[in-house]
Amino acid sequence: MPSENTNISGGTLRHVRARAPGRVCLIGEHTDYNDGLALAMAIAEGVTVDARRIEPASHGGGQRVRAQAIDLGESDEFALSDPRPAPGWRAFVRGTVAELQHVGLRPVGASLRIHGNVPRGAGMSSSAALEIALALALLALAGTADEIDRTELAKLGSRVENEWAGARTGLLDQLTSLYGEAGMALRIDFQTLRIDPAPLRLDGWRLVTLDTGERRSNASSGYNQRRAECARACELLGVRSLREAGEEQLEQLPPPLRERARHVLSDNLRVDSAVQALRAGDLPALAELLNASHASLRENLQVSTPTVEAAVARMLDAGAAGARLMGGGFGGSVLGLLPPGVPMPAGGLEVHPCDGARVLEG
Ligand code: GLA
């Protein structure tokens with residue numbers, strides 16, 4: 001059954017705790033901003049925000065937002081009425097406050113303690129987890145949670161990435177973090193924003209990520225360039241998105257736009273093949289799809305690096321039946337599918353499909 005858009009419950013509270021998960025994308029990369037398909041899951045690792053209302057200073061200083069990034073030992077403070085751009089993690093806090101204001105959701109002055117256990121900048125959506133946990137906490141404090149549904153909240157998070165962090169990312173990370181379900185992978189159609197959960201029955205196989213240690217933010221890597229190339233391919237083909245393009249049209253495109261589009265069209269097809277493989281309990285077929293997706297990400301989209309290739313090779317050498325780079329590329333983590341009994345490579349993290357973002361306490 002498709003997920004309904006659901007409101008985020010919460011009233012006007014003095015203290016709340018919200019948690020949002022990171023995500024693992026099983027298949028379908030760089031498809032989200034092309035109105036394509038992806039199969040992804042929320043994971044146990046995520047970001048927690050403890051938010052406490054701060055009353056306006058009695059001497060008329062106006063409402064303030066104070067934020068502490070516990071894991072980094074850093075803090076930030078700004079006037080609620082005037083969140084200005086800032087680099088690093090502060091961009092996400094200020095951007096989330098500003099975007100909530102832009103849509104009239106009236107965040108209040110707050111002290112925010114942020115901590116998490118999703119590897120940062122590792123292709124597992126630490127930034128989406130941060131935006132979404134912040135937004136849920138601020139909405140619950142303000143008592144405006146019922147005024148926005150989860151899909152609109154995902155779009156708000158994506159605007160924070162686009163406008164405040166300079167990454168022209170799509171909706172994959174935010175939708176997965178918000179709609180995750182324990183035991184389920186989500187087939188997301190970015191043209192309709194329909195989400196179909198599909199049971200993830202692994203029968204002893206394991207999904208494992210391996211951090212390459214290579215860090216390039218989506219804002220500074222070739223991510224935005226790939227998005228621009230896909231947009232240019234659409235212009236040349238006269239289509240609104242690559243979802244409308246047929247394989248037979250791709251020959252009209254010059255390189256490398258032809259290869260970029262080929263990746264997107266083929267990964268869309270692999271998403272539905274992966275759903276079928278899961279339904280049939282055919283894990284070797286899923287592993288082959290991971291390998292095929294990686295080959296396309298490397299050859300057609302060209303978002304791999306020597307360090308990523310080395311990590312994929314380590315995963316396969318350790319006995320994974322399939323492995324591929326995950327997320328935007330240019331570093332981050334790789335995902336492997338290990339048959340029963342195969343030990344994890346050193347430094348690997350086993351991931352499980354978990355529930356989506358929520359307000360935990362108020
Ligand atoms: C990053 C972006 C997503 C998506 C993936 C690639 O995670 O934030 O929007 O484009 O890369 O699939």
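Remember, it's a predicted structure, so these values are computed and weren't measured experimentally. Remember, it's 1-based here, ligands and their atoms both numbered in the order they're listed. This chain uses plain numbering: 1 for the first residue, then up along the sequence.
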Between [X] and [Y], do the side chains contain an N or O donor and an N or O acceptor separated by less than 3.5 Å?
X: S241; Y: N34; value: no
X: R106; Y: T144; value: no
X: T305; Y: E214; value: yes
X: T151; Y: Y179; value: yes
X: S127; Y: E161; value: yes

I'd like to know if [X] and [Y] make a salt bridge, using a cut-off of under 4.0 Å between side-chain N and carboxylate O.
X: R314; Y: D317; result: no
X: E152; Y: K155; result: yes
X: D50; Y: R52; result: no

Exercise. With a 4.0 Å cut-off on heavy atoms, does R23 reach ligand 1?
Worked result: yes
Problem set entry | G327 to ligand 1, any heavy atom closer than 4.0 Å | yes
Which residue holds the protein heavy atom closest to [atom], what is that atom called, and what is the gap in Å?
atom: atom 1 (C) of ligand 1; value: N218 ND2, 3.7 Å
atom: atom 11 (O) of ligand 1; value: G328 N, 3.2 Å
atom: atom 12 (O) of ligand 1; value: E29 OE1, 2.5 Å
atom: atom 10 (O) of ligand 1; value: Y223 OH, 2.5 Å
atom: atom 8 (O) of ligand 1; value: D173 OD2, 2.6 Å

For this session: May I ask you to check if ligand 1 and T31 share an N or O to N or O distance below 3.5 Å?
Result: no
Exercise. Has ligand 1 got any nitrogen or oxygen that is less than 3.5 angstrom from a nitrogen or oxygen of Y33?
Worked result: no
For this session: Can you sort out which atoms of ligand 1 are near H30, meaning under 4.0 Å from one of its heavy atoms?
Result: 6 (C), 12 (O)
Seminar exercise, completed: Taking only non-hydrogen atoms of G170 and a 4.0 Å limit, the atoms of ligand 1 in range are 9 (O)
Exercise. If you measure from atom 9 (O) of ligand 1 to every heavy atom of D32, I27, L172, which option wins on shortest distance?
Worked result: D32
